[in-house]
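Here is the structure we will look at.
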Amino acid sequence: MAKGHWLMKSEPKVYSIEDLERDGEAPWTGVRNYEARNTMRDEMRKGDLVLFYHSSTTPPGVAGIARVSREAYPDFTAFDRDHPYFDPKSNPDAPRWHMVDVEFVERFPAVVTLQALRELEELEDMVLLNRMRLSVQPVRPEEFERIVELGRGTS
DNA sequence: GCCAACGTTGGC
DNA sequence: GCCAACGTTGGC
């Protein structure tokens with residue numbers, strides 16, 4: 001089975017690639033969208049590579065690479081009444097939300113901006129550019145490679 | 001801060 | 001099961 005490629009969004013004010021670099025590894029808490037959850041729960045496998053996207057910032061874009069380090073398990077922040085991601089409809093006996101852990105791989109010297117991605121014809125079918133609100137999404141291997149080249153400044 | 005896009009909820 | 005109202009995301 002070929003290695004999977006994904007893109008995951010985070011607001012850097014909440015959790016940035018710099019935070020992941022410092023921490024080394026982190027649980028991807030707080031996804032409260034079914035499609036994004038299903039992707040994490042059903043499709044993401046240990047070792048898969050992830051584009052780490054910074055959203056709601058200036059400029060938005062891909063900041064680096066992470067790797068799935070633990071496959072899906074219940075998002076415990078949903079059980080914690082005092083946590084901002086608390087969801088009363090989820091509980092440990094019937095967890096509604098799942099997440100993966102990711103580990104730091106690489107931070108790009110410069111963010112590959114959303115604007116730059118939009119300018120490339122070969123990326124026009126990217127889920128990112130067509131379903132702007134989906135926070136965990138698949139990326140084609142060739143799209144992934146192209147963005148990594150841009151991020152490393154090697155193209 | 002605005003607001004378009006769009007996912008979710010809940011009344012019926 | 002439809003769909004209007006509502007809430008959230010996320011670019012600008």
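Heavy atoms only: backbone and side chains are in, while hydrogens, waters and symmetry mates are out. A note on names: the letters A, B, ... follow the listed sequences, proteins ahead of strands, and every chain is numbered from 1.
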Report, as a single string ordered 5' to 3', how protein heavy atoms within less than 4.0 Å touch nucleotides 4-12 of chain C: B base, S sugar-phosphate only, - not at all.
---BBBBSS

Under a side-chain separation threshold of 4.5 Å, the hydrophobic residues clustered together with A/Val111 are none

All side-chain hydrogen bond (donor to acceptor under 3.5 Å, both in side chains) counterparts of A/Arg37, not counting sequence neighbours:
none

Pairwise ring pair (Phe, Tyr, Trp, His ring centres under 6.0 Å) hits with a residue in residues 96-152 of chain A, at least two apart
A/His5-A/Phe144, A/Tyr34-A/Trp97

Within the 4.0 Å heavy-atom criterion, would you say A/Arg131 contacts the bases, only the backbone, or no part of the nucleic acid?
sugar-phosphate

By side-chain hydrogen bond (donor to acceptor under 3.5 Å, both in side chains), A/Tyr85 pairs with (sequence neighbours left out) none

By side-chain hydrogen bond (donor to acceptor under 3.5 Å, both in side chains), A/Glu21 pairs with (sequence neighbours left out) A/Arg107

